Amino acid sequence: LHTGRPPAIAEGVVEAPGPEEPAPKRSLSADGETPPGTNGEGAARSPVEEAPRAPDLELRALSNDLLLSPEGGRSRTAEEFRMIKRPLLVNAFDRRTSVRNHPNLIMVSSSVQGEGKTFTSLNLAISITMELDSTVLLVDADVAKPGLSRTLSITDKPGLIERLADQSTDLEHYLLRTDIPKLTVLPAGKRHQRSTELLASGAMRRLLEEVATRYEDRIVLFDSPPLLETSEASVLASQMGQVVIVVEQESTSQVVVQEALSQFEDTENVYLVLNKCKGSIFSGKYGYGYGYGYGYGYGRYGGYGSYGQT
């Protein structure tokens, strides 16, 4: 599979106190970040110092085969996700971008089920948290088959669907802090017979506006349903600033990928990630022979050629 650029390989976010007044503590939101209006610039402050809160999710306890190390390192997997995230981050924080929607809203999807979108979204989130100046909100938006929530054992937690159905409850009520700094998770919530309508609703548009603009350093990743299996995926894609489509090597046909890409009016900010590559497919071609058994090819569909070109 060739997308027009050399693919990469990988395995598979005060007002100064008086002389006798101690500096006030900044209050934290439920996702562990300082909310707007509490950064010490003349804003109201909490009079009570809050004790550090234990994480709701311990991701470090998951299998090392599933997750990148939050400490980074020079493993093949870590290097590949560094290459995958870089153009996404450039687009997300480039104020000159012409993207119609907020470019820090990034959807990770696939054509069909089983291509590795949840693995990709979870590790992409961890890789982005390694940045010095980026935080990540990871949203399980696959409300029909919430693979991310299953992986993290949070299928019983309320989340996205409940927030859309009842806007009277603040979003922070549903956010889960993790033991990886700067990474917060929003579960899918319970299944709903009108989930497509909820994702297309004004409530969803307002939610996206809130999460995209509340923190200027935030990337919001959505683990989306497969594009060709549910109606929710195309509705969600129309509201995203960037889209990453995971393609399973030697499994997903060119015709299927092209059909998935036809769901988009504009593919300028649609990217392809080639998943489950054999380790030898590009081994040594660019001078880095890591010798692992899985990998990723990466390319921008809209800017560097069409899927399947030679």
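Small disclaimer: the values here were computed from a predicted structure and weren't measured.
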For [X], give me all partners under side chain to side chain donor-acceptor pair (under 3.5 Å), at least two apart in sequence or on another chain.
X	answer
Ser111	none
Thr178	none
Asp140	Ser149
Arg150	none

Side chain [X], main chain [Y], donor-acceptor under 3.5 Å:
X	Y	value
Arg60	Asp179	yes
Arg177	Ala54	no
Asn275	Glu248	no
Lys182	Ser134	yes
Ser127	Asn123	no
Ser75	Ala78	yes
Asn101	Ser238	yes
Gln239	Leu199	yes

### Message
I need the minimum non-hydrogen distance between Ala188 and Asp142, along with the two atoms involved.
### Response
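Nearest heavy atoms, Ala188 then Asp142: CB-O, 4.4 Å.
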
### Query
So, for Tyr174 and Pro187, which heavy atoms are closest and what is the spacing to 0.1 Å?
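Closest approach of Tyr174 to Pro187: O-CD, 3.5 Å.
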
### Task
Run the numbers on Ile161 and Leu198 for side-chain contact (heavy atoms from CB on, under 4.5 Å), then give the verdict.
CA-CA 8 Å; Ile161 289 299; Leu198 285 173; 4.1 Å; yes

### Task
Provide the full list of salt bridge (Lys or Arg N to Asp or Glu O under 4.0 Å) pairs with a residue in residues 189-199, sequence neighbours left out, each pair given once.
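Non-adjacent pairs meeting salt bridge (Lys or Arg N to Asp or Glu O under 4.0 Å): zero.
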
### Contact list for residues 103-116, test salt bridge (Lys or Arg N to Asp or Glu O under 4.0 Å), sequence neighbours left out
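Listed by first then second residue: nothing to list.
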
Could you work out, with side-chain contact (heavy atoms from CB on, under 4.5 Å) as the rule, every residue matching [X], not counting sequence neighbours?
X	result
Gln193	none
Ala165	none
Ser201	Ala203, Met204
Ala212	His102, Asn104, Leu105

### Query
Do Ser195 and Glu232 get their side chains close enough for a donor-acceptor pair, meaning under 3.5 Å?
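Yes, side-chain donor-acceptor contact under 3.5 Å.
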
### Query
Shared ILVMFWY cluster between Val256 and Val273, side chains joined below 4.5 angstrom?
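Val256 and Val273: separate clusters.
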
### Task
Indicate, with yes or no, if Phe93 and Val244 share a hydrophobic cluster defined by side-chain heavy-atom contacts under 4.5 Å among Ile, Leu, Val, Met, Phe, Trp and Tyr.
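Val244 and Phe93: one cluster.
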
### Message
Checking side chain to side chain contact (heavy atoms under 4.5 Å, CB included) between Val220 and each of Thr135, Leu138, Val139, which is the one that passes?
### Response
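Of Thr135, Leu138, Val139, side chain to side chain contact (heavy atoms under 4.5 Å, CB included) with Val220 is met by Val139 alone.
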
### Minimum side-chain heavy-atom gap Leu88-Leu124 below 4.5 Å
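Yes, at least one pair of side-chain atoms sits under 4.5 Å.
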
Separation between [atom1] of [X] and [atom2] of [Y], rounded to the nearest 0.5 Å:
X	Y	atom1	atom2	value
Lys85	Leu221	NZ	CG	11.5 Å
Asp56	Ile154	CG	CD1	9.5 Å
Ile180	Leu59	CD1	CG	4.5 Å
Thr213	Leu208	OG1	CG	10.5 Å

### Message
What verdict does the side-chain contact (heavy atoms from CB on, under 4.5 Å) test give for Leu164 and Leu207, after you've listed the backbone C-alpha separation in whole Å, the side-chain angles of each residue and the deciding distance to 0.1 Å?
### Response
CA-CA 8 Å; Leu164 295 178; Leu207 175 63; 3.9 Å; yes

### Query
Can you list the steps and then say if Lys157 with Glu162 is a salt bridge (Lys or Arg N to Asp or Glu O under 4.0 Å)?
CA-CA 10 Å; Lys157 302 289 186 180; Glu162 285 78 6; over 6 Å; no

### Task
With side-chain contact (heavy atoms from CB on, under 4.5 Å) as the test, would you mind laying out the steps for Ile106 and Asn91 before giving the verdict?
CA-CA 10 Å; Ile106 303 174; Asn91 284 345; over 6 Å; no

### Query
Is atom CD of Gln167 surrounded by more than 12 heavy atoms (other residues, nucleotides or ligands) closer than 6.0 Å?
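Buried by this count: over 12 neighbours within 6.0 Å.
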
Please tabulate, one pair per line, all N/O donor-acceptor pairs under 3.5 Å involving side-chain atoms of residues 222-229, not counting sequence neighbours.
| from | atom 1 | to | atom 2 | distance (Å) |
| --- | --- | --- | --- | --- |
| Asp223 | OD1 | Lys117 | NZ | 3.1 |
| Asp223 | OD2 | Thr118 | OG1 | 2.8 |
| Glu229 | OE2 | Gln113 | N | 2.9 |

### Task
May I ask you to say whether Glu79 pairs ionically with Arg82, meaning some side-chain N is under 4.0 Å from a carboxylate O?
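Yes, charged N to carboxylate O under 4.0 Å.
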
